[in-house]
Amino acid sequence: MTLIAESGYEFWNPIIWLITFAVVMVIVYFFRKRGVEKYKKGEDQTKIFLCGEEVPGAEQRQVRGGNVYWGFFETLKEYYDGIVRLHTGIVNDYVVWFVAVMAISAIILLIVKLVG
Amino acid sequence: MIETLIRNFPLVAAVVLMGIGLYILIFKRNLIKIVMGITILSSSVNLFLVTLGYRTGGIAPIYTDAPEGLMVLPVVQALTLTNIVIAVATSALILSLVIRIYRHTGSLDSKKSRRMKG
Amino acid sequence: MSKIVRTVANQLMLFVLVFGLYVIMHGHVTPGGGFQGGAVIASGVVMLIVAFGSGQIKKSLRERRLSLVESSGALLFILVAFAGIGTVFFYNFLVGSRIFGGIPPTGSNPGDVWTGGVIPLMNLGVGLKVIAGLSAAVLALALFSSGEEME
Amino acid sequence: MATLIEHSSILIIAVPLLIAFLTPLIGMASKKARNAVVIVGLSFVAFLVFALARDVILNGIHTYTLGATSPSLTIPEGAMMPIRIILEVDGVSVFMGIVVAIVSLVAVVYSLSSMKGETGQNRFYTLLLLMVAGAFGMVFTGDLFNLFVFLEITSISGAALVAFKTRFADSQEGGFKYIVVSAVASLMVLFAISLLYAQYNLLNIGALAAAMQYTMLDRIALVILIAAFAMKLGGVPMHMWLSDTYSVAPVSITVLLITVSQASMYALMRIGFILYGVTLDLAVVGWIIIAIGILSMFIGVTMAVRQTDITRLIAYNCVCESGFMLVGFGVGLAVLGNHTALRTYGTTAISGAIFHMINHALFEGLLFLVAGAIFYRIGTRDLNRMGGLGHTMKFTAAFFLLGALASSGLPPFNGFASKILIYESVYQFNPVLTIIGILVSIITLAVFVKAFFSAFTGAVLPKYEDIKEVPKTMIAAMTIFAVIIIIFGLFPGLIVDWIVRPATDALVDQASYINTIMGAIP
């Protein structure tokens, strides 16, 4: 079957995957259908409830991109402090890294030649 | 040892020039000096290439009224010429960018022209 | 600049042009070629800019004309390359023909301009492109530093 | 047709050059005619690329000798070695050619409306076509010096295009960084080439590969070439220019810059697999490339999570995806000398990396086009100032979701198809690499969830209430990418069989590359 990208142990066929996915979706829909239908559009049921307080406007409700994953960055603060300090944005430092990579790989190759 | 060094003096000079060019690129923060560093780097490669084709006592590889004798290798000279042309284009472009950066930021310091970082 | 400088620059420009065109058209028999000759003429333009100021030169060297010359030079080059495609791209199809078709004798000889096949034509194309391109670049840089803009 | 295919490899490079110099002349007369000429020309080039790809895959390596009396005459009579510029097109080259052809066509279609209203559009199209010609030249040439020249063409035109919008300070700075980094990298490439020329008197890749001794100077040249091309493709720790440049360029240029980076990756692989081949210390060089790849994956993705600028976020994701390819190629290179390992998992790793190259160009291209569409409408790239755009820009949101899922390697999209090839083969080489890869993929998903969430979801912000969908040509350009992504995702087996396997076979088959050039001479 040409649709299979074989790779040693497993195979990957998106068509079979899609069929399986569709079957699972049908089953899920079946279970969902058996639930209780109480949802009505346009009533108080669908409005935002904030402990009776007045709901702020869209600008205030929006979670800003910079605030997403706050805890993740807080946990990895040390890693990020170190890694951001390396990204100086100065063009001279870019050349430094280039020369450093050249030097390190040259040393590695030299050691390999001397040892082997 | 010394004799080899003297015989290969142009090659040594090319490597020294390359070191100077990289030094400027690494340690000099002035944008115009960075352009100079690139030009020096380019010259070092040119010197290296031309030296490769040199034969002791060789003459220019032009047949017009050429005397008898060895000619130097013309291929590397063609390569050098191409590199010179490219270097002219690069430095013209880079200088115009430097002028524009100066217009926007009012500074020629590479430490100050970093709106983008992190 | 003073009147003396302007007059001398004016007179010298003729010689610069002649020498530049000589270097371009003799690129296949003597040292030189399209880029070198073009650079000579562009340096003449630099001389004029120094003498007359970039604002004055901007009026006589229009950007539109420069870009026309530059594009037609490049087009000449690539069309000559395309013309050989009956055999191979870049094929020197003019060898043996009447235009630049002579074959130089081997060994030491005084050189013949009427040789080289397509190479003089390509030199001409490159020369036109370099004249226009370098002049435009130098003029743009000069205008930049005096605070104006190329249109 | 046969003549056309015989000359197609040079026509693919020369036609964009011809149109590049025609556009200023036509553009003076009429803008519409210029746009039509550019699009028709690039479509013709794309057609030639596909015809050439079919021919190369069916009939083997295609050579073209410039200026000789016959295109296939690689070594002139009476000479012992090739002296002319020779184009040598094998499976990998046409694969890269297909990538460049698709992406350049999409970039031009997108530019039609995204660059509308900018001054100096004639120059824009000239530079764009020069860049396309340079990218084609880099992947088709069989000559090291020619490779350097085309590398410089792409660098110079690319830098001019990055800085094209002169009114923005940050794009000037991005262009400056790009040209400085490119100039240093390409000058060092030329130095390495001259080191090789000094020893062998050769510039042709095939002829050099036949003569390769792997002396000390060759090692120095190898180190310089690896570092320079790794810098051009944005491998960590030399990736910092990439996020600065990609984020500020006009997006139609950014998608081309991606293919130029891919062409640098191609050049690195050409040097590793063909030029040096089995003479290398394979394990060491392979591990150096794997190390750059692992660093790129990890640092790229962790930096991407942090970004609040949407194009910068995608640019760091590019660094991360390049890491996957480097790991695949590195594993392939490390086991090149070991036939059983190469057959059991080495070729699969290379196939995965090659397949990921085209997928990367497609989905990162789509994501950048979406980011450009947002910038076109609301005039900012800052995620902190976006929100609720999905209500009005429905197509754009859908395209972003598609690109994001493909990039994160979720089934059934094309990113998954290539990543699973890399995972499975790399697992047999070293399981730790696969574990890092899967972890990185998960964080990639988190990156795009963040971007999608803060840009498209939420209530409609009052200031963006009257934002409309982007113009039709921009939608068309994004649709081309999206359709190809879905096709590649649904039928990965066909794509792998048609273009990826021939490319893999060409990359590991050094002997036939040499024999095509050296032919008669044993």
Side-chain angles (χ1 to χ4, degrees), chain B residues 11 14-15 17-18 21-22 24-26 31 34-35 37-53 73 75-76 78-80 82-83 85-108 110 112-118, chain D residues 83 127 144-146 148-149 151-153 155-160 162-163 166-184 186-195 197-199 201-203 240-241 243-248 303 306-309 311-312 315-316:
Chain B
L11 296 180
V15 173
L17 267 181
M18 176 169 286
L22 285 175
I24 293 176
L25 279 166
I26 290 173
L31 297 184
I34 290 175
V35 183
I38 288 174
T39 319
I40 291 175
L41 202 60
S42 160
S43 314
S44 85
V45 178
N46 289 343
L47 179 60
F48 188 81
L49 275 170
V50 168
T51 313
L52 292 182
L73 190 64
V75 178
V76 283
L79 305 189
T80 310
T82 316
N83 193 31
V85 175
I86 290 171
V88 167
T90 312
S91 43
L93 177 67
I94 207 166
L95 280 173
S96 70
L97 287 176
V98 168
I99 292 176
R100 291 241 181 80
I101 289 176
Y102 183 73
R103 283 248 182 111
H104 281 293
T105 62
S107 154
L108 278 178
S110 68
K112 290 201 179 117
S113 78
R114 45 167 179 164
R115 272 145 201 279
M116 297 161 296
K117 57 175 180 174
Chain D
I83 52 170
L127 288 168
L144 271 182
F145 187 74
N146 212 10
F148 160 77
V149 171
L151 184 67
E152 282 281 15
I153 290 178
S155 310
I156 294 173
S157 52
V162 169
T166 49
R167 60 180 183 280
F168 296 121
D170 50 359
S171 65
Q172 306 308 305
E173 189 190 323
F176 179 77
K177 284 175 177 170
Y178 183 61
I179 188 70
V180 168
V181 164
S182 305
V184 173
S186 17
L187 283 173
M188 294 313 276
V189 166
L190 181 61
F191 182 63
I193 292 170
S194 58
L195 281 178
Y197 185 80
Q199 297 174 77
N201 255 358
L202 288 167
L203 287 171
M240 294 146 182
W241 65 270
S243 47
D244 294 352
T245 305
Y246 281 17
S247 55
V248 295
M303 286 303 288
R306 217 184 142 266
Q307 301 305 318
T308 50
D309 180 329
T311 44
R312 213 170 156 77
Y316 272 113

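Keep in mind that the numbers below use all heavy atoms, side chains included, and drop hydrogens, waters and symmetry copies. Below, chains carry the letters A, B, ... as their sequence lines are ordered, and counting in each starts from 1.
Contact annotation for S155(D): neither backbone nor side-chain heavy atoms come within less than 4.5 Å of a heavy atom of chain B. With a 4.5 angstrom heavy-atom cutoff, F145(D) touches chain B only via side-chain atoms. Looking at F148(D), the atoms closer than 4.5 Å to chain B (heavy atoms on both sides) all sit in the side chain, from C-beta outward. Both the backbone and the side chain of I38(B) come within less than 4.5 Å of a heavy atom of chain D. A183(D) touches chain B through its side chain: at least one heavy atom from C-beta onward sits under 4.5 Å away, while N, CA, C and O do not. For E152(D), the part lying under 4.5 angstrom from a heavy atom of chain B is the side chain only. Contacts between L52(B) and chain D at a heavy-atom distance below 4.5 Å involve the side chain alone, from C-beta outward. If you measure heavy-atom distances from L203(D) to chain B, the contacts under 4.5 Å come from the side chain alone.
Between M18(B) and M188(D), the closest side-chain pair of non-hydrogen atoms falls below 4.5 Å.
Atom CD1 of residue I34(B) and atom OG1 of residue T39(B) lie 11.5 Å apart, to the nearest 0.5 angstrom. Rounding to the nearest 0.5 Å gives a distance of 12.5 Å between CG of N46(B) and CD1 of I40(B). Rounding to the nearest 0.5 angstrom, the gap separating the OH atom in Y316(D) from the OG1 atom in T311(D) is 11.5 Å. Note that the OG atom of S182(D) and the CG atom of L187(D) stand 10.5 Å from one another [nearest 0.5 Å].
The candidate with the highest count of non-hydrogen atom pairs below 4.5 Å against chain D, out of L79(B), L49(B), V45(B), is L79(B).
Nearest approach of V162(D) to G174(D), heavy atoms of both residues: CG1-C, 3.9 Å. The two residues A315(D) and Y246(D) make their nearest non-hydrogen contact at CB-CB, 3.7 Å.
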